Amino acid sequence: MPRRLRHLIVILGDQLDRRSPALDDFDPARDAVWMAEVAEEATHVWSHKARIALFLTAMRHFRDELQQRGWSVLYRPLDAADNCGSLAGELERTLQRQRPQAVLLVEPGDYRVEQALRQTCSRQGVPLRVLEDRHFYASRAEFAEHARGRKQLRLEFFYREMRRRHDVLMAGDQPEGGAWNFDAENRKSFGQAGPPAVPTPLAFAPDAVTREVLQLVATRFADHPGSLEAFDWPVTPEQARLALEDFLTQRLARFGDYQDAMWTDQPYLYHARISAALNLKLLDPREAVEGAERLYRLGKAPLPAVEGFIRQILGWREYVRGVYWLLMPEYAQRNALNAQQPLPNFYWTGQTDMNCLRQVIGQTLQLGYAHHIQRLMVTGLYALLLGVHPRAVHEWYLAVYVDAVEWVELPNTLGMSQYADGGVMASKPYVASGKYIERMSNYCQGCRYDPAAAVGAKACPFTTLYWDFLLRHEQQLADNPRMRMQIRNAERLSPDRRRAIQQQAAQHRQEVNP
Ligand code: FAD
Ligand code: SF4
């Protein structure tokens, strides 16, 4: 350990990039890495045990690797007797003790954390250098440039720009296959027969480091939601690469067709299961994008599947990060639909007689995972239709998924799912009745409700609340051209029908939020 540090390099739990720019010119004789496990990051939202465990074990594997290189790592374990519990507090103490010439930090994934660390360094009078995160294709500044002067931000324009700039799936200056988007081909459901053979995703049995973390989390966070029993996530870059390879060779070909489909007891279907590895920076997004394109060029995966997958990573993932940094901190306060309901308690237990919610929340608590349509069109849709306050919805999503980091979770939840940003992320609220869930899954077959019924004893709460949503927001949404059909259908309801729907919705709200 050098006597007077030149650089103290702060590495956060979601910055486990072995090629981090903060390590570019690391000098073992003069620099040290600083990492801290702190309770605050597990408790500021009531985090799922698997989410806490994944961050901690991935951090410990990263630490061990650096130490094997002979580098100094000042590592603050969660169970150190004098761990003060917050990143800012722990860093403050280290700065007082070490007085480094400068602190280096790659752009964090959370506005709150970035502010806290900036303030700490400033209080201690230690210069802080915040470095651009090379993990992403687009820098914060490039996105701001893209957004400048635009009245509306839309994924599609940004995505095309990214495809061109990075020469992904291009045939000269035209998109491969003559279209930018194969969405219409990517919305199949399984029908009565259910999914064709679903390969079991590669699982990673906990090693000694992970087992110790699982024990620590089970004891220390015993009252937190979720289970640790199924924990098998990739926790190192090597494992993350194997997980990607497994997806590309076993599931990618069907990813496009069944991207939006859901099925009981099939949590992963043909999804990649790599979001946590990407977000912790164990996996470079370029490997995923280039790997998928390679399979297409070799004729081993169809274009709609490959384009659909690439759009998620080169498009959506980069786009939501851009939106987050462009609009924070004000973005987190938005509530365009003035939703005020609390989040029903069953989101934390899965105990509800609505089968779709029971399945998706049950799976979420068991695994810390749900795929996109389960998040958007089951848990998200219900919260939107019920009128839950977006902050409560956001805190739940940030807590319960192993891949949850605020830069990606918040725009997806607040914007795409809850329309709380008034249309920045989505051109209209994603609202649908129980009939959508019936079409895209087999959940309704095991449910006591009828997705076609809006009123009466068997009325599906999604369907009741769908009509109620349209009636509640009739005026606000009437000017939105993409909502015109739905609003017109609501306008056609007779006064008696409206009253019956509104009564049924009020009764349902009373039942779930007594
Ligand atoms: P796949 O479906 O196989 O997709 C491949 C990859 O594309 C993902 O790993 C992910 O990196 C990226 N991707 C796909 N959709 C999105 C998207 N909408 N935004 C950003 N990246 C995307 N994703 C997170 O990584 N963290 C979150 O906290 C998160 N919260 C969400 C909250 C809500 C309400 C919604 C609707 C979506 C959220 N998503 C989040 C996006 C998406 O649901 C997950 O990325 C995806 O389900 C992860 O599973 P997978 O790796 O199997 O993804
Ligand atoms: Fe969900 Fe309604 Fe279908 Fe039941 S009937 S599973 S509540 S959509």
Side-chain angles (χ1 to χ4, degrees), residues 14 51 109 155 201 243-244 247 251-252 255 258-260 262 264 267-280 283 285 288-289 292 305 308-321 323-324 352-360 368-384 390 393-394 396-418 425-426 430 432-454 458-466 508:
D14 65 340
R51 176 175 184 257
L155 168 81
L244 170 67
F247 163 71
R251 304 191 294 283
L252 171 65
F255 174 84
Y258 299 118
Q259 208 174 321
D260 288 3
M262 303 176 277
T264 303
Y268 305 116
L269 288 164
Y270 310 102
H271 289 268
R273 208 180 175 258
I274 56 166
S275 46
L278 283 168
N279 297 349
L280 269 61
L283 188 62
V289 166
F309 176 69
I310 287 178
R311 178 150 28 97
Q312 306 310 317
I313 296 184
L314 184 65
W316 280 113
R317 187 166 183 268
E318 297 286 328
Y319 179 73
V320 299
R321 177 172 184 262
V323 168
Y324 179 82
T352 165
D353 56 7
M354 291 175 269
N355 190 41
C356 51
L357 283 162
R358 187 167 66 233
Q359 295 290 336
V360 173
Y369 178 89
H371 73 64
H372 187 65
I373 292 301
Q374 293 178 310
R375 298 187 206 196
L376 186 66
M377 297 308 285
V378 179
T379 42
L381 174 61
Y382 180 81
L384 171 64
V393 187
H394 151 58
W396 184 78
Y397 279 100
L398 189 57
V400 298
Y401 290 110
V402 290
D403 57 26
V405 185
E406 198 176 87
W407 64 265
V408 52
E409 176 279 328
L410 186 71
N412 268 298
T413 303
L414 201 107
M416 192 187 302
S417 155
Q418 302 299 299
M425 282 284 296
Y430 284 108
S433 72
K435 295 290 283 176
Y436 173 86
I437 294 174
E438 183 188 35
R439 192 165 66 249
M440 297 310 298
S441 76
N442 66 344
Y443 295 147
C444 300
Q445 289 167 24
C447 189
R448 59 165 283 220
Y449 298 112
D450 173 1
K458 286 186 74 72
C460 162
F462 280 80
T463 304
T464 310
L465 292 171
Y466 166 73
H508 180 73

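In each ligand, atom 1 is the first atom listed, and ligand 1 is the first ligand listed. Nothing here was measured: the structure is a model prediction, and the numbers come from that model. The analysis underlying the following values was restricted to heavy atoms, covering all of them including side chains, and did not include hydrogens, waters or symmetry mates.
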N/O separation below 3.5 Å, His371 to ligand 1: no
Criterion side-chain contact (heavy atoms from CB on, under 4.5 Å) against Ile437, the qualifying member of Cys460, Cys447, Cys356: Cys356
Heteroatoms of the protein, restricted to N/O/S, which lie under 2.8 Å from atom 4 (Fe) of ligand 2: Cys447 SG
Mode of Phe255 contact toward ligand 1 - side chain, backbone, both, neither (heavy atoms, under 4.0 Å): side chain
Contact check: Tyr397 vs ligand 1, nitrogen or oxygen atoms, below 3.5 angstrom: no
Asp353 and Tyr449 side chains, donor-acceptor separation under 3.5 Å: yes
Sequence-distant partners of Arg311, side-chain hydrogen bond (donor to acceptor under 3.5 Å, both in side chains), two or more places apart: Asp183, Glu307
Pair Lys435 + Glu438: basic N to acidic O under 4.0 Å: yes
Ligand 1 to Arg273 polar contact by distance, N or O atoms, under 3.5 Å: yes
Any Ala370 heavy atom less than 4.0 Å from ligand 1: yes
Set of side-chain hydrogen bond (donor to acceptor under 3.5 Å, both in side chains) partners for Lys458, sequence neighbours left out: none
Geometric N/O contact Ala272 with ligand 1, under 3.5 angstrom: yes
Non-neighbouring partners of Gln312 that pass side-chain contact (heavy atoms from CB on, under 4.5 Å), sequence neighbours left out: Phe255, Gln259, Trp316
Modelled atom types, side-chain donor and acceptor of Tyr397 and Thr379, under 3.5 Å: yes
